[in-house]
2 protein chains.
Amino acid sequence: MEKLIYTGNDDCLLYGVRMAVLTKKQVAKLEIGSKVATAVTDFFDAEGFIQLRPVMLGMSTDPLGPDPGSAVIKTGQVEYLGQNLSLMNSMILHKQVAVRETGRKIWIMSPNIRLEGAQRKETKRHLFEFTQADFEIPDAKMKDVMALVEKFYVELSQKLKDLPEWRELSIAPFAFRGPFKVYEIHEMEERYGKDWELAASKGHDQPFWVVCHKREFYDKEDPERPGHYLNYDLIYPKGFGEALSGAEREHDYQRILARMGRDRLEMKIYDAYLKKAREGFRQSAGAGFGIERLVRFLTESDHVGDVQLFRRVPGEPVEI
Amino acid sequence: MEKLIYTGNDDCLLYGVRMAVLTKKQVAKLEIGSKVATAVTDFFDAEGFIQLRPVMLGMSTDPLGPDPGSAVIKTGQVEYLGQNLSLMNSMILHKQVAVRETGRKIWIMSPNIRLEGAQRKETKRHLFEFTQADFEIPDAKMKDVMALVEKFYVELSQKLKDLPEWRELSIAPFAFRGPFKVYEIHEMEERYGKDWELAASKGHDQPFWVVCHKREFYDKEDPERPGHYLNYDLIYPKGFGEALSGAEREHDYQRILARMGRDRLEMKIYDAYLKKAREGFRQSAGAGFGIERLVRFLTESDHVGDVQLFRRVPGEPVEI
């Protein structure tokens, strides 16, 4: 066993240099992550949302697709007392149920597990476990969600701007200035090609919205413009990529069934969700944004795993 | 499909009585749960703790024993890219690593999964997934943790006392008054017998500490009084039972090994933890308290599952 000796080494907080402890810069990133989590909690509380406890295991979970770019290998499964339970890819399906059952704006600091292929390490923005602030608002439209998100980011800048950790990291705190620009996805594809996200991100100095993505069944198709979708992503600038994803929800049982048929989903894990949908969902809109991606952006970190104390990067062995 | 019709029924917030939506009382409990979560977050932030993101899957997790009363069937396991990862029974082992690597007071709003036997439904205070506020303080002693916990509860009373939800629930907000009484476990056993917890809880009108439990290897044995343990549980009054559990930690590698040998633990899932322990742990103390148990106590609910929107009670089928 190595002996622990405090050396006073500036780059090594506590012990001798042979100890694998964190640098002050690494601790500063954790501290900023902590302040972000507090700010998120206080924001949703002040806006009148009910914070629900996360679900980790459930009968139904997000299919995360069909997505030709998806690298998720499988949904984690655990057998418990005769039921096969799924680890949460996301709580989107539970959010629709929660809005229906409470009639309230709800949010969850929601840990998600997505067993991504090892190649996702290279994107620098994928983790196989991470936390998203996931919220849903009854009767809301996309413009309501977009305005709320802009308010959140602007207030976040105010709350974080005087932290001493920025000096430790030698970076200036980012000042979010809303409202953010809005693009339709076809504009992005015309300007930057099919892989527009990173190039478009590098070409902006504030976050921007990209709307109208053809994707999962639970995002609503515009009833007045078939082939158009009432959903939205927020993209961080300077090459950091996707920040947030959300939509108005498909809440009509028959339309949900039709959309699932379109996607040829294996229906087994949606049984419980469909039973609730048949009983009736309420119109809603919401979104989720990853805490680690937000902290990566704010701290200008190379890889999103760099802001985790316990790294959960696809393709890197789990240390503990 | 049933048609959704707002009936104005006072006991049914939104839809006709044939809809399974929540009563106002049920929503009031969720609202109090939300305010508790905000209060916990703000408390630890104000006390200078770093909030870490939860770990859900890891190489090592809490053995939860050996405990002759334990009903946990198994630790959930998921295979991912060639590693067998465990679902977190608790983050205790990660907390010791976190204190070592950051040198800071840390806390986590930590979702735990404990696959309990179906009989645990009857205790009314067990869930197979729940959230604990789990914290650890470098160089702290048990008296430091106990004082901090008492401060938390007293401040919580102040923050919650004016919520309108108490009137909805027709109950008076509980006023925590510290410092709480402290008993050694042998006193409890002499007075109430081996199953002292519930009887003792019913015999008090404020929470109380019970110290010196022989239990998991990571709780420190008093080096000056072998057979005595530097750990502590907090018990809610009025029959609600255990609130919190904590300890000064066994941090010496050789002593950890000896304690694990005493407990005849299957060592495989502690490899990663022991590697870190061999590199050197720092002295620390901490505790964890369940959010749902706290909300159950405050809202005087019959079963801890009654404060969850998505019930996770052992032996009850998961609905969604």
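Residue numbering restarts at 1 for every chain, and letters A, B, ... go by the order of the sequence lines.
Each of Arg120(A), Lys121(A), Arg114(A), Arg312(A) was scored for a side-chain contact (heavy atoms from CB on, under 4.5 Å) with Phe128(A), with one residue passing: Arg312(A). Checking each of Trp107(A), Phe49(A), Phe289(A) against Phe152(A) for a ring-ring contact (aromatic ring centres under 6.0 Å, His included) leaves exactly one that passes, namely Phe289(A).
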Under the salt bridge (Lys or Arg N to Asp or Glu O under 4.0 Å) criterion, do Glu136(A) and Arg282(A) qualify, and how do the steps go? CA-CA 11 Å; Glu136(A) 196 75 13; Arg282(A) 185 162 173 175; over 6 Å; no
Please lay out, stage by stage, how Gln132(B) and Asn112(B) fare under the test side-chain hydrogen bond (donor to acceptor under 3.5 Å, both in side chains). CA-CA 7 Å; Gln132(B) 64 171 314; Asn112(B) 289 182; 2.6 Å; yes
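Heavy atoms closer than 4.5 Å to chain A are found in both the backbone and the side chain of Ile50(B). Using a 4.5 Å cut-off between heavy atoms, Leu52(B) touches chain A through its side chain atoms alone. Of the atoms belonging to Leu57(A), heavy atoms from both backbone and side chain fall under 4.5 Å from chain B. Looking at Leu30(B), both its backbone and its side chain come within 4.5 Å of chain A, counting heavy atoms on both sides. Looking at Glu319(B), the atoms closer than 4.5 Å to chain A (heavy atoms on both sides) sit in the backbone and in the side chain alike. Heavy atoms closer than 4.5 Å to chain B are found in the side chain of Leu87(A), but not in its backbone. Residue contact with chain A, scored on non-hydrogen atoms closer than 4.5 Å, involves the side chain of Glu292(B) exclusively. Using a 4.5 Å cut-off between heavy atoms, Leu115(A) contacts chain B through both its backbone and its side chain. For a residue to count as touching a neighbouring chain, one of its non-hydrogen atoms must lie under 4.5 Å from one of that chain's; by this rule Pro138(A) does not touch chain B.
For the pair Lys24(B) and Glu168(B), the salt-bridge criterion is not met [side-chain N within less than 4.0 Å of a carboxylate O].
Of the residues considered (Ala37(A), Gly82(A), Gly33(A), Gly76(A)), Ala37(A) shows the highest number of contacts with chain B, using heavy-atom pairs under 4.5 Å. Residue with the most contacts toward chain A among Asp45(B), Leu81(B), Ile73(B): Asp45(B) (heavy-atom pairs, distance under 4.5 Å). The candidate with the highest count of non-hydrogen atom pairs below 4.5 Å against chain B, out of Glu79(A), Gln308(A), Glu129(A), is Glu129(A). Interface check for chain A: of the options Gln26(B), Met56(B), Glu31(B), the most heavy-atom pairs under 4.5 Å are formed by Met56(B). In terms of heavy-atom pairs under 4.5 angstrom with chain B, the leader among Met59(A), Lys35(A), Lys74(A), His94(A) is His94(A). In terms of heavy-atom pairs under 4.5 Å with chain A, the best-connected choice from Val36(B), Val78(B), Thr41(B) is Thr41(B).
Between Ile291(A) atom CD1 and Met109(A) atom CE the span is 4.5 Å, to the nearest 0.5 Å. Taking CD1 of Ile106(A) as the start and CD of Gln96(A) as the end, the distance is 10.5 Å to the nearest 0.5 Å.
Using cut-offs of 30° and 60° for the angle between ring planes, the Phe281(B) and Tyr273(B) rings count as tilted. Ring geometry for Phe135(B) versus Phe44(B): interplanar angle of 30 to 60°, hence tilted.
In terms of heavy-atom proximity, Val40(B) sits nearest to Ala133(B) at CG1-CB, 3.9 Å.
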